[in-house]
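When reading the values below, keep in mind they use all heavy atoms of this one structure, side chains included, and skip hydrogens, waters and symmetry mates. The residues of the chain are indexed from 1 along the displayed sequence.
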Amino acid sequence: MFVKNQSNQLVEFEIARFPKVYRRRLRRLVSGSAPLSDLLVSFPAAAFALVSGFGTVDGRGNAVALIKAGASLKAVSEVLGLPFWARKLPPEAFAAPIGDLPSDADFGRRMMNQLPKDNDVTDLWLGAVLEALRVGDQPFALWVAGQKKLSLLDHPLRPAVIWLLAAFAWASRNDQAAGFNSINKRWSKGTALKTAQRAAAEWALRLIAEAERQPAKRGPGRYSLRNRQAGYAVVVLQTAAELNEEGRLMNHCVGTYANEVARGHCLIFGIRRDGHRVATMEVRCSRNPEALPHIAQLQGPGNSRVSAEVRERVRMWLLQHASDPVGGADTDAGTLLTDPKKWRALWAPHQDAVPAAFPGGQVPKPSEVRHVAMLLQQMAGW
């Protein structure tokens, strides 16, 4: 009885290392089977695959039969379609269902050499590697695996950061890419993280500049367009120049918020009504991913109080775009806009080569790319 209780305690200890949502399924899987219980230690990834819907129903069923029959772990991995090198991954790595992992043994060996020593952060690390594989390729994923300041970064924009770095890495190696000839420092597997961050940000901002629509000539056409605007527009302000201009014209201190915006501590928006500046808004996002962003400040010209109508319009806009305030922002007819056709054309070669990096065939908005580029610039100084 003592041996049995001790065995049960060891099994429960190993199960507790997996995400809570899968523990009941794991208990059901290993109940009454010593070979399946042993799998929790000898091949945690296989145990997790069996309870998380990995592969096919037939594959999982055949794998269970092989395990109970005492087959080798390699045979089990082949039936599951799970790379054998994944046996080195600890239970803590599986915060989400396993994605597509390359079966290449050399890739697996080199990746496992980069495995964090602290098991508690391997979920972040594996998530970054899987994201790098989805939007890039194996050399880029191996590079990300070795960049601990990136792969262990716990930030809501990390997927976007990895996406932009992957795009830059692709552009660095493909002469048909937009901006290829103007990349100052190309990416390679030996590139330092800070160098890649700065170079990727410069490249992205250069693409945005290349896609700018030519400003309209002064004359009745431009001003007629402004005068025809009706209703409200919310304009995202991200660069120091944009914030300084807003502060100068609105007679308040928003120009001093450039560093706060660059660090991702807040978002700043200009509120326009019928083409005129009526307010400036600061939005803060909670560290709690379930909490909605909130309005920290909403000031009129000279820090004056805004009308109830403006406040309600802005509040409703933020509720509608709570998941992506930057992506939901408008553009101002008085500023240079990006030409949608030019913007899509710049990304077309990359989209054709790596369609998985563009879910739904959608190219990220220039405002989104610029926001990530600014974050990369800030990260390079951390």
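- Put simply, F269 and I295 are part of the same group of oily side chains (I, L, V, M, F, W, Y) that touch within less than 4.5 Å, one to the next.
- For W125 against A145, the heavy-atom pair with the smallest separation is NE1-O, 3.0 Å.
- The hydrophobic cluster containing W203 also contains V161, counting ILVMFWY residues as joined when their side-chain heavy atoms lie under 4.5 angstrom apart, directly or transitively.
- When every heavy atom of A279 is checked against every heavy atom of R272, the shortest pair comes out as O-NH1, 4.5 Å.
- L375 has its side chain out of reach of L164: every pair of non-hydrogen atoms, C-beta onward, lies at least 4.5 Å apart.
- E242 contributes a side-chain N or O that, together with a main-chain N or O of Q238, makes up a donor-acceptor pair within less than 3.5 Å.
- Residues V129 and Q114 are not in side-chain contact: their nearest non-hydrogen atoms beyond the backbone lie 4.5 Å or more apart.
- Atom-to-atom distance recorded for K148:NZ and L150:CG is 10.5 Å, nearest 0.5 angstrom.
- Crowding of K185 atom NZ: a count of heavy atoms from other residues, nucleotides or ligands under 6.0 Å not exceeding 12.
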- [ ] Starting from the C-alpha separation in whole Å, work towards a yes-or-no answer on side-chain contact (heavy atoms from CB on, under 4.5 Å) for E92 and D123.
- [x] CA-CA 6 Å; E92 292 84 358; D123 58 334; over 6 Å; no
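- With W163 contributing its side chain and A357 its backbone, the two residues share a donor-acceptor pair below 3.5 Å.
- Under a hydrophobic-cluster definition in which Ile, Leu, Val, Met, Phe, Trp and Tyr are linked whenever side-chain heavy atoms come within less than 4.5 Å, directly or via other members, F107 and M112 are assigned to the same cluster.
- Taking each heavy atom of V283 and P293 in turn, the nearest pair found is CG1-CB, 3.8 Å.
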Open item on the list: Quick one, E309 with R273, criterion side-chain contact (heavy atoms from CB on, under 4.5 Å). Give me CA distance, side-chain angles, the key distance, then yes/no.
Closed with: CA-CA 11 Å; E309 178 189 356; R273 184 173 61 191; 4.0 Å; yes
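- Checking Y257 against Q297 by side-chain atom types alone, a donor-acceptor pair falls below 3.5 Å.
- Contact record, F140 with A169: CD1-CB, 3.8 Å, taken as the closest heavy-atom pair.
- Seen from the ring of F180, R186 counts as a face-on cation partner, given the 6.0 Å and 45° thresholds.
- The number of heavy-atom neighbours closer than 6.0 Å to CZ of R173, taken from other residues, nucleotides and ligands shown, is above 12.
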- [ ] Might you work through the side-chain contact (heavy atoms from CB on, under 4.5 Å) test for L89 and L115, ending with a clear yes or no?
- [x] CA-CA 8 Å; L89 292 169; L115 190 67; 3.9 Å; yes
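- Note that the CD atom of Q362 and the CD atom of Q351 stand 8.5 Å from one another [nearest 0.5 Å].
- Using cut-offs of 30° and 60° for the angle between ring planes, the W317 and H321 rings count as tilted.
- Atom CH2 of W347 sits about 5.5 Å away from atom CG of L207, to the nearest 0.5 Å.
- Considering CE of M281 and CD of Q299, their distance stands at 12.5 Å, rounded to 0.5 Å.
- Neither L130 nor V354 shares a network with the other; the hydrophobic side chains, linked directly or stepwise wherever heavy atoms of I, L, V, M, F, W or Y lie under 4.5 Å apart, form separate groups for each.
- Here the side chain of N174 pairs a donor or acceptor atom with the backbone of W170 at under 3.5 angstrom.
- Using modelled atom types, one side-chain atom of W85 and one backbone atom of P102 make a donor-acceptor pair closer than 3.5 Å.
- W343 places no side-chain N or O within donor-acceptor distance of the main-chain N or O of I208, the cut-off being under 3.5 Å.
- Contact annotation: the side chain of L319 approaches that of L292 to within less than 4.5 Å [non-hydrogen atoms, C-beta and beyond].
- Under a 3.5 Å cut-off, the side chain of R158 and the backbone N or O of L124 do form a donor-acceptor pair.
- For the pair R311 (side chain) and V306 (backbone), a donor-acceptor distance under 3.5 Å is absent.
- R284 contributes a side-chain N or O that, together with a main-chain N or O of H265, makes up a donor-acceptor pair within less than 3.5 Å.
- Looking at every heavy atom in both residues, L29 comes nearest to V64 through CD1-CG2, 4.4 Å.
- No donor-acceptor pair closer than 3.5 Å links the side chain of T195 to the backbone N or O of T191.
- Put simply, the side chain of E282 does not reach to within 4.5 Å of the side chain of V254, judged on heavy atoms.
- Between P364 and F358 there is a side-chain heavy-atom pair separated by less than 4.5 Å.
- A donor-acceptor pair under 3.5 Å is absent between the side-chain atoms of R87 and the main chain of F43, judged by distance alone.
- Between H252 and E246 the shortest side-chain heavy-atom distance falls below 4.5 Å.
- V261 is not listed as a side-chain neighbour of L267, based on a closest heavy-atom distance of 4.5 Å or more.
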- [ ] Take L376 and L165 through the side-chain contact (heavy atoms from CB on, under 4.5 Å) test and state the conclusion after the steps.
- [x] CA-CA 9 Å; L376 280 175; L165 286 168; 4.2 Å; yes
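- Between atom CG of residue L73 and atom CG of residue L66 there is a gap of 11.0 Å, rounded to the nearest 0.5 Å.
- Remark: R17 CZ to R23 CZ distance equals 11.5 Å, nearest 0.5 Å.
- The shortest distance between side-chain heavy atoms of Q197 and K149 does not fall below 4.5 Å.
- A parallel orientation is assigned to the rings of F48 and F18, their planes being inclined by less than 30° (bins at 30° and 60°).
- Contact between L80 and A49 at its shortest, heavy atoms only, is CD1-CB, 4.3 Å.
- A continuous path of Ile, Leu, Val, Met, Phe, Trp and Tyr side chains, each step under 4.5 Å between heavy atoms, connects V21 with L40, placing both in one hydrophobic cluster.
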